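Lettering follows sequence order; numbering is per chain, from 1. A quick note: this is a predicted structure, and the numbers were derived from the prediction, not measured.
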4 protein chains.
Amino acid sequence: MPRPPGHGPGYEIKRQEIIDQAARLFAKQGYAATGIAEIGQVAGLAKGALYYYIGSKENLLVEIQNRVLNPLLTAARRIAALDEDPVLRLRLLSQTLLELILARLDHIWVYEHDYRHLRGANRTRLLRQRHEFEKIVRELLVEAMESGAFRKMDARLAMLQFLNMHNHTYQWAKPGGEWDAEFLSREYCATLISGFRSPSYDAGDLDERVRRFREREQG
Amino acid sequence: MPRPPGHGPGYEIKRQEIIDQAARLFAKQGYAATGIAEIGQVAGLAKGALYYYIGSKENLLVEIQNRVLNPLLTAARRIAALDEDPVLRLRLLSQTLLELILARLDHIWVYEHDYRHLRGANRTRLLRQRHEFEKIVRELLVEAMESGAFRKMDARLAMLQFLNMHNHTYQWAKPGGEWDAEFLSREYCATLISGFRSPSYDAGDLDERVRRFREREQG
Amino acid sequence: MPRPPGHGPGYEIKRQEIIDQAARLFAKQGYAATGIAEIGQVAGLAKGALYYYIGSKENLLVEIQNRVLNPLLTAARRIAALDEDPVLRLRLLSQTLLELILARLDHIWVYEHDYRHLRGANRTRLLRQRHEFEKIVRELLVEAMESGAFRKMDARLAMLQFLNMHNHTYQWAKPGGEWDAEFLSREYCATLISGFRSPSYDAGDLDERVRRFREREQG
Amino acid sequence: MPRPPGHGPGYEIKRQEIIDQAARLFAKQGYAATGIAEIGQVAGLAKGALYYYIGSKENLLVEIQNRVLNPLLTAARRIAALDEDPVLRLRLLSQTLLELILARLDHIWVYEHDYRHLRGANRTRLLRQRHEFEKIVRELLVEAMESGAFRKMDARLAMLQFLNMHNHTYQWAKPGGEWDAEFLSREYCATLISGFRSPSYDAGDLDERVRRFREREQG
DNA sequence: CATGAATGAGTATTCATTCAT
DNA sequence: AATGAATGAATACTCATTCAT
């Protein structure tokens with residue numbers, strides 16, 4: 001998303017570095033409590049030069065949100081469209097979501113805490129994207145109910161349980177912590193699926209199927 | 001908790017009102033983004049008078065945290081000490097926690113988002129109290145495993161699942177929303193317990209037992 | 001135009017003093033080139049206290065414009081409504097205008113130069129008021145034509161000549177300069193009226209009539 | 001007026017274009033409120049390149065003032081030295097001045113508003129040139145008095161009336177407006193001369209003589 | 001010739017806090 | 001018990017200018 005006319009080749013690289021550093025600071029102290037001066041300091045840039053790269057403080061927030069939402073939505077749409085059984089797709093989505101959370105913990109802090117500081121169009125777009133993600137989850141849950149795997153439940157409440165379980169992880173996870181996304185996904189989904197499933201449904205070798213699917217995809 | 005010696009009778013009442021209003025503003029805009037002037041305005045007080053009651057902005061934050069943690073810890077300690085089966089106690093704790101969350105949504109927003117703005121002793125005490133609560137949950141889970149109700153799991157991970165599920169509720173709950181604490185507690189615990197339970201365990205009439213227990217307590 | 005709730009008795013006085021000083025600075029250097037810091041310095045106030053009184057820099061500009069336009073329009077409306085012959089009223093208006101210009105030279109500098117820095121509603125109101133003043137002048141000129149005193153001319157061009165002659169005075173007049181408003185008005189009007197008059201019209205003792213009118217008014 | 005030694009042939013052309021565009025922006029927004037970045041943008045030049053041509057922002061202002069004052073003074077000197085009657089020369093000067101004002105309205109805005117932003121030698125030279133122009137007008141008026149065409153007046157006040165009338169035109173004139181310089185000059189001078197003239201003087205066919213003089217000059 | 005990158009002082013404005021009254 | 005007034009540092013952001021390439 002380069003600015004007016006002409007930026008050198010190093011521009012975008014440096015820009016991304018600055019966003020990285022801003023994300024770290026925002027995560028630790030909050031967006032509102034972090035000053036532009038502080039960002040300039042860790043970036044080793046005077047205020048003027050900093051603005052050359054960032055345009056505005058809110059811009060930084062937008063970019064951080066995008067770094068979370070763009071890959072999340074892309075992956076979610078792709079997974080939702082797969083020709084696989086809905087429970088498997090939920091499990092894939094869970095793992096992808098947790099991978100993203102654990103890979104970018106600081107971004108997630110900002111994503112979860114500071115979206116309210118966005119204004120106008122930025123805020124609108126963000127809310128729309130969040131709703132799209134929630135819709136994807138809800139529709140997968142509905143599919144799982146219709147397939148007979150899950151019992152009939154309030155789809156919205158099931159979706160919220162799914163999101164509660166996953167989205168709160170950033171609050172306690174540490175970078176390089178003891179559990180990886182695959183493990184957490186297995187555990188979270190074990191709990192959720194055992195709560196949501198029909199009496200007759202047996203998840204069987206779900207985790208094994210996920211593993212094979214992912215191998216196939218990358219291989 | 002009166003500060004300088006010699007305050008009239010209305011002091012504490014007005015003080016609590018101010019904290020109420022501050023909580024509402026902090027919840028909506030964030031602690032860092034809310035100005036003292038704004039609080040004075042909704043409180044109908046000039047800044048000088050405001051400071052007479054509050055001492056400092058951080059004080060407000062401390063009080064709000066206390067309003068969440070004091071009743072929470074008191075209730076949690078009482079429930080943990082009950083002579084009841086651990087699953088029942090978990091279910092009681094769940095409902096109490098959700099009652100507190102739904103009753104004071106704005107306080108919870110502040111509690112979840114802005115504890116990082118506390119400094120020094122305030123911060124230390126807060127973290128200690130949070131850990132105490134987590135410990136209570138964890139020990140109840142361990143008891144449930146030892147009683148044979150729950151399968152053997154990583155107690156910390158189980159505790160985190162419990163907290164994820166409950167503590168993220170503030171993000172989407174609305175005051176006067178469609179679900180009350182009892183309903184949410186039943187749903188959350190149904191999911192969690194079906195995920196945690198031993199193959200042999202049957203929760204049976206857990207919700208009914210909770211209802212009877214509560215009636216007995218208040219009656 | 002006091003601000004929110006409650007200001008002490010000295011507030012408005014000090015506020016007016018600050019506006020005085022700002023007008024002096026704006027006149028000398030221009031609005032855009034004068035910093036808030038500079039105003040605070042001559043006012044002997046730190047930036048915080050300054051803002052307590054002024055609200056914003058643009059506010060200062062608005063107040064200065066008002067100090068010119070309010071008395072000008074009030075006087076112009078009053079004069080236009082007088083039951084006197086139109087040439088006399090023009091002459092009265094001329095003198096009043098020049099009195100205002102000479103009495104508040106610095107305000108007029110700001111009024112003439114910096115109205116373009118007003119935005120939104122402030123700008124709209126200003127332009128409306130300027131047009132009202134121009135309309136009053138134009139209508140007096142039309143009346144003078146209709147009364148046979150002035151020859152038939154393009155009323156707008158006559159109005160612009162009237163304004164050119166008067167409004168450019170600020171550019172060279174000095175406070176306490178050698179000519180007063182009465183003298184300048186006599187000279188300007190002598191020129192303008194001799195240019196505008198019908199061949200048959202004789203202004204006669206116009207200046208004497210103005211003098212008597214003013215004496216009557218004040219006596 | 002090339003600056004560093006060794007500039008290509010396009011240098012001066014581009015330089016003049018930049019000054020054109022700067023004048024437009026300064027006129028619209030004021031010198032102080034117009035940024036170098038903005039000028040670079042409309043000139044299609046990065047800031048580095050811009051500075052290659054302009055040297056400094058104040059330089060632009062100097063050039064714009066020169067573009068007004070150089071032709072104005074040249075013309076005024078030439079007209080003053082003509083072997084014609086002083087009233088005709090005043091009328092010629094009036095028309096030339098108005099031609100310049102109407103032809104370069106944006107330059108005149110800058111000339112009238114922003115000369116105060118010049119510093120040091122630039123400012124001194126400007127004031128000297130302005131005084132020279134005023135002196136030329138004043139001396140023509142004196143000549144007209146001495147020739148018996150004008151009555152004896154305060155020459156300075158007459159000069160100021162002349163300048164008031166002409167120099168304020170930029171405030172309301174529009175490019176391509178309904179009146180041209182010849183018309184305005186005729187109207188302004190009709191007013192001024194009827195105000196200044198001796199009872200015995202008859203301007204007669206002044207405008208016709210101006211027309212013939214100009215035809216002769218160009219033919 | 002022209003650029004992209006950098007600077008650092010400067011912009012208007014807001015902040016939490018204090019204190020004499 | 002409460003106020004109006006004041007502070008001074010901090011806020012996000014813009015400025016004219018420079019310079020290596």
Separation of atom CG in C:Leu60 from atom P in E:dA12, rounded to whole Å: 11 Å
Within residues 112-124 of chain A: residues closer than 4.0 Å to DNA chain E (heavy atoms): none
Set of side chain to side chain contact (heavy atoms under 4.5 Å, CB included) partners for A:Lys47, sequence neighbours left out: A:Ile36
Partner residues of D:Arg116 under the salt bridge (Lys or Arg N to Asp or Glu O under 4.0 Å) criterion, sequence neighbours left out: none
Heavy-atom check, side chain of D:Arg104 versus side chain of D:Tyr111, under 4.5 Å: no
N/O donor-acceptor pair under 3.5 Å between B:Glu58 side chain and B:Arg119 backbone: yes
E:dG4 phosphate, OP1 or OP2, under 4.0 Å from A:Tyr53 side-chain N/O: no
Lys/Arg-Asp/Glu bridge criterion (N-O < 4.0 Å) met for A:Asp20, A:Arg67: yes
Is there any protein nitrogen or oxygen under 3.5 Å from a nitrogen or oxygen in nucleotides 19-21 of chain E, and what are the pairs?
none

Phosphate contact (F:dA1 OP1 or OP2) by B:Tyr52 side-chain N/O below 4.0 Å: yes
Residues from residues 21-41 of chain D lying under 4.0 Å of DNA chain E - heavy atoms: none
Length of the CZ-P vector between D:Arg15 and E:dA2, whole Å: 14 Å
Nearest-nucleotide comparison on DNA chain E, the residue closer to the 5′ end among A:Ala46 and B:Glu58: A:Ala46
Distance under 6.0 Å and angle within 45° of ring axis: D:Lys57 vs D:Tyr31: yes
D:Leu45 CG - E:dT3 C1' separation (whole Å): 10 Å
CD (A:Gln41) with more than 12 external heavy atoms under 6.0 Å: no
D:Ile54 CD1 - E:dC1 C1' separation (whole Å): 15 Å
5'-to-3' dot-bracket of DNA chain F (Watson-Crick, G-U; under 3.5 angstrom; crossing pairs as [ ]; | other strand): .||||||||||||||||||||
